[in-house]
Amino acid sequence: MRIVFGNWKYLFKNFWYVLVCGLVPAIFLALTFDYTAIAGFVHGVFNGNPRTGFLEMLRAFALVRIDSALGGIYTVFAYIVSSLFAALMLSLVEKHMRIGKRTFSGVGTEMKNLLLPVFLIVFLFYALGELAAIILAALLFAIFSISSTALVYILAALAFLFVVFIFLYAFEAFYLWLPCLQITGFRPYHAFLYSYRLSIGVRWKLIAAHALSLVVLVVALGGISFLPEIVFRAVALVLTLFLYSGLFIRMETVYFETDKLDREDVIKSYKDL
């Protein structure tokens, strides 16, 4: 259970500390959701007419907005600030867990060392998500050619589960690479190999944790797509704030757990010095 929910315990216990890192990325991430495409797709599904064009589905599923130039700008800014603040968050959380005290001193140096790896791994996560969106939109577009609506719903659900599983399986393979690189100081390739070996033992728990977050996001965004766009954006902001922060905090909590490292924020042995 610590693998699945340990990050949430840390987040809520240190919420104001983490909020500094999560708020700005959450604003831009909330703006990257294509409200029109999501609302159109969800309404069609609930109205008994799920058949939608490939491009409309891709806009609904993709992490990259392609509906307008402004949407593209939001996406670029979301990627940049998500990477910058992820480096800051990883630096802060790792130091807190390592020494047991919340402090910003010395974080700048560690953050500078993490910037390039973080930009690369966040780009990889974007690429995996975009690839999954393209594959899912293509599969659904092919399924929608079937005349039986009942069969369309069944096959569409199976296609969604299949693509999401493949995406999460690939996502998990790289998930502990950043904290491993950060804590061990290994070279990137060796850090990846070591982190992958660590993740094997908790692979299904990690997939379950990420799947749970994804379910919350999909259900919430689908539900609020029936509401005005301003409400949609507000709820999306809160969701992305927690899910973005939880995603990177879980990297640290799971790494400390799998590599059997003591967490000073929990045991507080520094108080005995």
Side-chain angles (χ1 to χ4, degrees), residues 2-26 80-125 171-199 201-202 205-206 209-210 213 241-273:
R2 284 182 296 182
I3 299 296
V4 179
F5 298 110
N7 62 314
W8 299 116
K9 180 179 179 180
Y10 182 92
L11 191 154
F12 287 114
K13 189 176 180 180
N14 303 276
F15 181 71
W16 298 110
Y17 183 63
V18 175
L19 182 64
V20 176
C21 306
L23 185 57
V24 176
I80 293 173
V81 299
S82 294
S83 301
L84 286 173
F85 282 92
L88 175 59
M89 184 181 300
L90 289 170
S91 300
L92 289 171
V93 173
E94 187 271 338
K95 188 173 184 182
H96 183 207
M97 292 181 179
R98 182 162 45 85
I99 69 174
K101 297 180 180 180
R102 291 189 291 261
T103 173
F104 286 87
S105 63
V107 167
T109 301
E110 186 171 1
M111 181 182 171
K112 183 176 66 175
N113 295 332
L114 274 177
L115 276 179
L116 180 58
V118 170
F119 268 91
L120 291 174
I121 202 69
V122 172
F123 181 82
L124 176 62
F125 290 166
F171 180 81
E172 177 275 332
F174 297 93
Y175 189 62
L176 296 182
W177 181 75
L178 270 177
C180 180
L181 187 67
Q182 175 188 22
I183 294 171
T184 64
F186 290 167
R187 291 184 177 183
Y189 178 68
H190 296 132
F192 170 72
L193 290 180
Y194 184 59
S195 66
Y196 182 75
R197 293 191 187 104
L198 290 176
S199 69
V202 294
K205 292 180 181 179
L206 273 176
H210 296 143
S213 296
L241 172 60
F242 282 94
L243 295 180
Y244 169 84
S245 301
L247 179 71
F248 289 100
I249 290 173
R250 184 182 290 122
M251 285 184 180
E252 297 289 350
T253 57
V254 173
Y255 186 85
F256 271 76
E257 178 77 16
T258 55
D259 207 23
K260 296 179 173 56
L261 302 176
D262 290 333
R263 280 182 50 182
E264 288 294 330
D265 65 305
V266 176
I267 61 177
K268 301 184 185 297
S269 61
Y270 64 90
K271 290 185 176 181
D272 298 328
L273 297 177

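Everything numeric in this text was worked out from a predicted model, so none of it was measured.
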Between [X] and [Y], is any pair of side-chain heavy atoms under 4.5 Å apart?
| X | Y | answer |
| --- | --- | --- |
| Tyr255 | Leu178 | no |
| Thr184 | Cys180 | yes |
| Trp177 | Met251 | no |
| Phe186 | Leu193 | no |
| Thr253 | Arg263 | yes |
| Leu206 | Arg250 | yes |
| Leu241 | Leu19 | yes |
| Ser213 | Leu247 | no |

If I compare all heavy atoms of [X] with all of [Y], which pair ends up nearest, and what's the gap?
| X | Y | answer |
| --- | --- | --- |
| Ile80 | Phe119 | O-CZ, 4.0 Å |
| Phe256 | Arg98 | CZ-N, 4.4 Å |
| Leu84 | Met111 | O-CE, 3.3 Å |
| Gly22 | Ser245 | CA-OG, 3.8 Å |
| Leu181 | Arg187 | CD1-C, 4.0 Å |
| Leu115 | Ala87 | CD2-CB, 3.9 Å |

Task: Ring geometry between Phe12 and Phe242 (parallel below 30°, tilted from 30 to 60°, perpendicular above 60°) - done: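 The rings of Phe242 and Phe12 sit tilted, inter-plane angle from 30° to 60°.
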- [ ] Could you tell me how the ring of Tyr175 sits relative to the ring of His210: parallel (under 30°), tilted (30 to 60°) or perpendicular (over 60°)?
- [x]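 Because their plane-to-plane angle is over 60°, the rings of Tyr175 and His210 count as perpendicular.
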Open item on the list: Checking side-chain polar atoms at under 3.5 Å, does Tyr17 have a donor or acceptor matched by the opposite partner on His96?
Closed with: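 There is no such pair between these side chains.
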Would a distance-only check, ignoring hydrogens and angles, find a side-chain to backbone donor-acceptor pair under 3.5 Å from [X] to [Y]?
| X | Y | value |
| --- | --- | --- |
| Glu94 | Gln182 | no |
| Asn14 | Tyr10 | yes |
| Asn7 | Ile249 | no |

State the [atom1]-[atom2] distance between [X] and [Y], to the nearest 0.5 angstrom.
| X | Y | atom1 | atom2 | result |
| --- | --- | --- | --- | --- |
| Ser83 | Leu116 | OG | CG | 10.5 Å |
| Glu252 | Ser91 | CD | OG | 8.5 Å |
| Ile183 | Asp259 | CD1 | CG | 7.5 Å |

TODO: Verify the neighbour count for atom CZ of Phe15: are there more than 12 heavy atoms of other residues, nucleotides or ligands below 6.0 Å?
DONE: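 Yes - once you tally the heavy atoms of other residues, nucleotides and ligands closer than 6.0 Å, there are more than 12.
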Open item on the list: Is the distance from the ring center of Phe248 to that of Tyr244 below 6.0 Å?
Closed with: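 So the answer is yes for these two rings.
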